[in-house]
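See below for the structure under consideration.
Numbers here simply count residues along the sequence, with the first being 1.
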Amino acid sequence: MRLFVSEGAPGSLPVLAAAGRARGRATELLISTVGPEECVVPFLTRPKVPVLQLDSGNYLFSTTAICRYFFLLSGWEQDDLTNQWLEWEATELQPALSAALYYLIVQGKKGEDVLGLLRRALTHIDHSLSRQNCPFLAGETESLADIVLWGALYPLLQDPAYLPEELGALRSWFQTLTTQEPCQQAVETVLKQQGVLALRSYLQKQPQPSLPEERAVSNEPEEEELATLTEEEIAMAVTAWEKGLESLPPFRTQQNPVLPVAGERNVLITSALPYVNNVPHLGNIIGCVLSADVFARYSRLRQWNTLYLCGTDEYGTATETKAMEEGLTPQEICDKYHTIHADIYRWFNISFDIFGRTTTPQQTKITQDIFHRLMARGFVLQDSVEQLRCERCARFLADRFVEGVCPFCGYEEARGDQCDKCGKLINAIELKKPKCKVCQSCPVVKSSQHLFLDLPKLEKRLEEWLGKTLPGSDWTPNARFIIRSWLRDGLKPRCITRDLKWGTPVPLKGFEDKVFYVWFDATIGYLSITANYTDQWEQWWKNPKQVDLYQFMAKDNVPFHGLVFPCSALGAEDNYTLVKHLIATEYLNYEDGKFSKSRGVGVFGDMAQDTGIPADIWRFYLLYIRPEGQDSAFSWTDMLLKNNSELLNNLGNFINRAGMFVSKFFGGCVPEMVLTPDDQRLLAHITLELRHYHQLLEKVRIRDALRSILTISRHGNQYIQVNEPWKWIKGSEADRQRAGTVTGLAVNIAALLSTMLQPFMPTVSTTIQAQLQLPLPACSVLPTNFLCTLPAGHQIGTVTPLFQKLENDQIESLRQRFGGGQAKVFPKPAVVETVTTVGPQQIQMLMDEVTKQGNIVRELKAQKADKNQVAAEVAKLLDLKKQLALAEGKPLETPKGKKKK
């Protein structure tokens, strides 16, 4: 067989991905890259790619037909749902997508002009994935429909501006497929690292597509949800509502210590151990402890048997160096910063069951036991190592205290163990132009005897374990991709000892002056921290059949949790509990740069409490922008907008109105509720959104679950606004009864929201529950149905506003204080004398910047922000557009309303 594809031809993406899946299962396949104008099929009058020439001499030249052929070769069986998706792709998606790509690439339109054409189709995919609660379009496994739709959508959705944040299920599906190797190879072949611009030449030769016909059907989520409710769903929602509190399971008090219980769901949660030698910034907090806290609180609301642990990672050169800087001993540094960390997390309301540390006798005991078991089973090697030694500091340099040029990508600030830019692991001596980070001198290479973990010998065990674990797990796409990359490159022996004093001693003759390398024993810290909590720690850590282990971290920690520790545990052969769900975030940046304590840029944990902004507001905003599928950035302007719009005007406004109506109209006593058919439909709709919330959090899609809360709040506001209880209360007895029903239903929605909020904003949740005098069972357990937890006759407490408005001058003062305005300087408008050549990637970056800045301006205008602030942001937008026009070689547009002189 011979497959003909062309660079820049959109249809080549899915067929190459499908071909990649079929490799090894089909006869020999030759892939030929041809020009877009080359006639491959002899009986067609116009050029056509992709084309599959079969061994029989026949041709397939439909993208879907070629993909179907490859899937059939792989043993795939056709099904009705897949065929329905393929029909929808051809009749609904392609017309809109063709127009959107043509607008974007050929005509240069951007933003809503492009996304508006596709929003309905993208929402349809997202809703289908959410309702099925499956990772793929046709079920639990990838199908032909997934590859065809992914290939069609990739050129557009690879730009985050066209993948709306609220479409969480679509985003997860797209990222899962994009990280698969056949898809990645297809992208490299077709787009050649040029992104969507690679399609320009091909699309310019195609006729302009006609616009898809406008439809009268609304794309608003609530309309679509209501339209799909069945009578059975409505009846079930009413039945559950009427049962009320009696349908809640009995509240179970937490045992101490928390231990696994046979026959129940036992959830063990860890967040990556922060280095003790520094103060965590907002990115550190959202990357592990806050994300894990949301899931731990949710697990307890589900009455799962839950243990959440963390602690400070205290050994290593970083601690030794910090001690030198401050004139303290390493132990004194650890004591000082452990307290700082604990205070910060306490202020952020992190609900650890244990917050421990790694400088304990238990850490030494457990680490040395695992080492002895690995040694006895032949998984430890001994060899001499050439290391960098700083003669001025008179010591060997730990990897993280050497900096230089990455030998792989040329990044100039690569560390001695890993490059933050390309992610590859590095031996410090491989760095170009190395320098000691302590004294800036050039280190010399010297040799020393060390011990190695024989990862190649453990590779097969690791792959077998991953093969059993990954299919039924919730590993994030970036975690799967990182581990696959390591395995694809082949594992290599990894040094596990260091020439240091501050660390876990190596229990081997001849190595008395060495300690274990922190990356080997830091993950063992989870075990020792648990052992310091309870002497029955093995019930958690040597109990893989009964314990579900969730581990939260930023993506740079994935290799150590998903590969190194599992290899160590598998080699030790002691029935250790291994990670089942590895949850990794991308990075959070600060405004347009990075956090830097030394430069005073960014908010660090010990500073947040001095801003006057409550901890729950910080929690909300960090979770709202949680970097789940891509890097995100903290923005003061956006924080103001989200606080004032989502919290103050949406959530706070609804809950306050619902409670005030009970107080003002009914003396603080919940009135009798006589539900109309429309009220019953609302019950069913909220039940659906509540179940969606559960589905999202069970899959640890934290950011999307927060949006479900805000969606329910918007429904509540709309319900009050449409039904106007303040008018009905002035009328007849029937009118007053209607006002009572609306008020009672609204305050019950507020009660539900208070419990849904608990994982995200625990203090606000408690405040609402106190104001509403919510019964204890409803505060402690979150059901899957919307229940009447505040029945007629229930007396509520005093209702007061939950949130305060953030003012522009307040936020601007904080921006200046924390260096947010220093990160990016916009040049003043000036005559450009020379124009340098700009490549496609730079153009794409500028296009992204214009889209991002345009969104900021639109949000400010929608909020009727201060005119000076709007004008400043508009000036930034115009300057970015000017840079983009120059980069694309277009003439500068004259501002509207002004004539050229």
Using side-chain contact (heavy atoms from CB on, under 4.5 Å), reason through Glu698 and Tyr298 one step at a time and then give a plain yes or no. CA-CA 9 Å; Glu698 285 172 6; Tyr298 173 72; 3.7 Å; yes
Derivation of the side-chain contact (heavy atoms from CB on, under 4.5 Å) call for Gln769 and Thr755: CA-CA 8 Å; Gln769 290 168 355; Thr755 310; 3.6 Å; yes
Checking side-chain contact (heavy atoms from CB on, under 4.5 Å) for the pair Arg701/Gln695: CA distance, chi angles, key distance, verdict? CA-CA 9 Å; Arg701 285 169 49 193; Gln695 291 169 357; over 6 Å; no
State plainly whether the residues Glu646 and Arg714 are in salt-bridge range, i.e. N to O under 4.0 Å. yes
In Å and rounded to the nearest 0.5 Å, what is the OG1 to NE2 distance from Thr711 to His685? 8.0 Å
Between Arg619 and Asp293, is the salt bridge (Lys or Arg N to Asp or Glu O under 4.0 Å) condition met? List the steps. CA-CA 10 Å; Arg619 286 177 62 112; Asp293 183 62; 2.8 Å; yes
Validation row: Leu118, Tyr162 side chains within 4.5 angstrom (heavy atoms): no
Without hydrogens or angle criteria, can the side chains of Thr637 and Arg815 be said to hold a donor-acceptor pair below 3.5 Å? yes
Ion pair check, Arg346 and Asp343, cut-off under 4.0 Å: yes
NZ or CZ of Arg691 within 45° of Phe786 ring axis and under 6.0 Å: no
Hey, are the side chains of Thr789 and Leu752 touching, using non-hydrogen atoms and a 4.5 Å cut-off? no
Give the intermediate values and the outcome of side-chain hydrogen bond (donor to acceptor under 3.5 Å, both in side chains) for residues Gln175 and Arg480. CA-CA 11 Å; Gln175 289 165 352; Arg480 294 171 186 259; over 6 Å; no
Euclidean distance, Asn644 CG relative to Asn650 CG, rounded to 0.5 Å: 12.5 Å
Quick one: OG on Ser299 to CH2 on Trp304, what's the gap to the nearest 0.5 Å? 5.0 Å
Is a side-chain donor or acceptor of Thr767 paired with a backbone partner of Thr763 at a separation under 3.5 angstrom? yes
May I ask you to test the Val267-Tyr550 pair for a side-chain heavy-atom distance under 4.5 Å? yes
What is the minimum heavy-atom distance between Lys805 and Leu648, and which atoms define it? CB-CD2, 3.7 Å
Nearest heavy atoms of Ser754 and Leu774, plus distance in Å: OG-CD2, 3.6 Å
Distance from Arg703 atom CZ to Leu696 atom CG, nearest 0.5 Å? 11.5 Å
Relative to the ring of Phe604, is the ring of His281 parallel (under 30°), tilted (30 to 60°) or perpendicular (over 60°)? perpendicular
Spatial distance of atom CG (Asn589) from atom CD (Glu591) [nearest 0.5 Å]: 11.0 Å
Distance-only, no hydrogens or angles: does the Asn656 side chain make a donor-acceptor pair with backbone N or O of Gly652 under 3.5 Å? no
Salt bridge or not for Arg171 and Glu628, using N-O below 4.0 Å? no
Looking at Leu129, Thr178, Asp126, which hits side chain to side chain contact (heavy atoms under 4.5 Å, CB included) with Trp173? Leu129
Contact check, side chains of Leu757 and Leu651, non-hydrogen atoms, under 4.5 Å: yes
Quick one: closest heavy-atom pair of Val279 and Asn284, and the distance? O-OD1, 4.4 Å
So, the side chain of His694 versus the backbone of Pro783: is there a donor-acceptor pair under 3.5 Å, distance only? yes
Quick check: closest heavy atoms across Leu790 and Ala751, and the distance to 0.1 Å? CD1-CB, 3.9 Å
Decide side-chain contact (heavy atoms from CB on, under 4.5 Å) for Met639 and Trp618; before the verdict, give the C-alpha distance in whole Å, the side-chain angles of both, and the deciding distance to 0.1 Å. CA-CA 9 Å; Met639 185 179 189; Trp618 287 103; 3.8 Å; yes
Aromatic ring proximity, centroids under 6.0 angstrom, Phe634 and Tyr621: yes
Tell me whether the rings of Tyr345 and His341 are parallel (<30°), tilted (30 to 60°) or perpendicular (>60°). tilted
State whether a side-chain donor-acceptor pair under 3.5 Å links Glu586 with Ser632. no
Run the numbers on Asn785 and Thr687 for side-chain hydrogen bond (donor to acceptor under 3.5 Å, both in side chains), then give the verdict. CA-CA 5 Å; Asn785 292 307; Thr687 295; 4.9 Å; no
Are Asp353 and Arg300 ion-paired here, with the side-chain N under 4.0 Å from a carboxylate O? yes
Any Leu122 side-chain heavy atom under 4.5 Å of Leu157 side chain: yes
Atom CD of residue position Gln804 - does it have more than 12 heavy atoms of other residues, nucleotides or ligands inside 6.0 Å? no
When rounded to the nearest 0.5 Å, the distance separating CD1 of Ile613 from CD1 of Ile617 is 8.0 Å
Testing the basics here: between Thr306 and Ala296, what is the closest heavy-atom pair and its distance to 0.1 Å? CG2-O, 4.1 Å
Shortest non-hydrogen contact from Thr476 toward Ala584: OG1-N, 3.2 Å
